[in-house]
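Heads up: the structure comes next, in structure tokens.
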Amino acid sequence: MKAFRDELLEHMPAIRGFARTFERDAARADDLVQDTLMKAWANRENYKPGTNMKAWLFTILRNVYISYYRKKRREVEDTDGAMTASLAEKGRQEGHMAVLKLREALAELPDEQRESLIMVGAAGFSYDEAAEIAGVAAGTIKSRVSRARARLTELLGEADGHSGAGATGDPALIGAGTIRQAAF
Amino acid sequence: MTNGDGKPEGDAQEAPAPAEAEGVQAQDPVMGQLKALYDDVASEPLPDDLMKLLDKLDQVERTR
């Protein structure tokens with residue numbers, strides 16, 4: 001039987017992959033990964049050897065970011081504009097256009113759609129596994145994934161095609177979302 | 001719009017249940033991008049700070 005530590009090391013890269021895809025702010029993503037690692041270690045007695053450690057870790061990661069965003073949301077409401085600007089600033093530093101557009105589009109998705117999409121479409125979980133992790137029915141994951149896919153395709157299509165209104169700053173469209181888009 | 005070298009079997013529109021999770025990314029350029037974004041990071045070795053953190057956790061345990 002593999003030592004807990006070795007198995008943990010084997011699956012942490014997947015946790016990083018998820019976190020960096022789910023959360024576009026790299027520093028925040030790294031915080032999520034670190035907290036997940038610490039929680040996993042602290043709770044290692046609860047892990048049953050031979051079961052799916054990757055799924056177990058994702059469940060922990062999920063709990064970490066749910067409580068994290070609950071906290072964060074309050075802060076965002078407090079600082080509003082400043083926060084939006086600094087997020088745009090950070091986003092600008094990472095990667096080329098295609099990646100930025102993808103990250104921007106992902107950020108538009110509701111959390112539960114984004115997580116479902118990444119678990120199934122990128123991290124390699126089956127609908128059943130993703131359902132187990134998220135604590136919902138497999139059918140719910142399926143519909144979240146398909147809605148997320150459709151929305152993502154739509155958003156990326158918009159970005160490629162008629163990029164008009166948002167970018168040129170139509171006054172009617174100015175709002176938090178537009179400000180973020182305009183930054184790119 | 002190429003979505004990779006098309007797999008010979010499985011009609012794009014009507015691909016039925018079995019390997020649907022796989023199919024999600026195989027047939028769709030957007031999903032391909034998403035997968036690439038994820039794989040980029042997931043294929044990197046763990047950064048030093050995480051390794052150090054784990055070593056520290058491990059050591060705390062041993063000295064107890």
Side-chain angles (χ1 to χ4, degrees), chain A residues 3-6 8-22 24 26 29-30 33-38 40-42 44 95 98-99 101-103 105-106 114 117-130 141-142 145-146 148-157, chain B:
Chain A
F4 180 84
R5 188 182 197 276
D6 294 340
L8 193 57
L9 283 173
E10 189 181 311
H11 294 295
M12 284 308 290
I15 294 293
R16 279 189 80 226
F18 180 95
R20 285 285 188 95
T21 310
F22 183 80
R24 69 170 164 179
D30 290 346
V33 176
Q34 214 178 72
D35 287 355
T36 302
L37 179 64
M38 290 195 288
W41 188 264
R44 67 196 180 287
V99 173
K101 277 182 193 164
L102 178 59
R103 286 194 176 285
L106 280 169
R114 188 161 78 255
L117 186 74
I118 302 169
M119 282 196 286
V120 173
F125 287 112
S126 67
Y127 287 117
D128 286 339
E129 287 168 333
I141 296 289
K142 260 184 220 186
V145 168
S146 85
R149 265 180 85 186
R151 181 79 180 116
L152 202 59
T153 305
E154 188 186 309
L155 286 166
L156 291 172
Chain B
M1 289 267 168
T2 46
N3 43 1
D5 302 349
K7 294 251 164 74
E9 50 201 38
D11 294 346
Q13 281 101 330
E14 294 268 322
E20 51 201 335
E22 291 289 324
V24 163
Q25 74 232 11
Q27 298 157 1
D28 181 340
V30 169
M31 295 310 289
Q33 278 187 60
L34 179 76
K35 177 87 171 114
L37 186 65
Y38 169 90
D39 282 342
D40 248 18
V41 181
S43 62
E44 286 173 9
L46 274 194
D48 277 355
D49 58 333
L50 286 178
M51 292 301 292
K52 281 186 190 139
L53 175 63
L54 189 55
D55 286 342
K56 226 163 71 184
L57 293 168
D58 212 351
Q59 270 163 22
V60 168
E61 202 62 28
R62 273 159 214 220
T63 52
R64 242 189 242 162

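Chain letters run A, B, ... following the sequence lines, proteins first, then strands; residues in each count from 1.
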What part of D49(B) is in contact with chain A, defined as an atom under 4.5 angstrom from a non-hydrogen atom: side chain, backbone, both or neither? side chain
Sequence neighbours excluded, the answer for ring pair (Phe, Tyr, Trp, His ring centres under 6.0 Å) partners of F18(A) is F22(A), F58(A)
To the nearest 0.5 Å, what is the distance between [atom1] ([X]) and [atom2] ([Y])?
| X | Y | atom1 | atom2 | answer |
| --- | --- | --- | --- | --- |
| Q33(B) | K101(A) | CD | NZ | 9.0 Å |
| R5(A) | L57(B) | CZ | CG | 9.5 Å |
| Q34(A) | L53(B) | CD | CG | 5.5 Å |

Is it the backbone or the side chain of A105(A) that comes under 4.5 Å from a heavy atom of chain B, or both, or neither? neither
Find out whether [X] and [Y] are in side-chain contact, i.e. whether some heavy atom of one side chain is under 4.5 Å from a heavy atom of the other.
| X | Y | result |
| --- | --- | --- |
| L50(B) | R16(A) | yes |
| D40(B) | V99(A) | no |
| L34(B) | T21(A) | yes |
| M31(B) | L117(A) | yes |

Search all heavy atoms of A14(A) against all heavy atoms of Y38(B) and return the closest pair with its distance. CB-OH, 3.3 Å
Can you tell which of P47(B), A42(B), A36(B) has the highest number of heavy-atom pairs within less than 4.5 Å of chain A? A42(B)
Quick check on the interface: out of D30(A), L8(A), L37(A), who has the most heavy-atom pairs with chain B under 4.5 Å? L37(A)
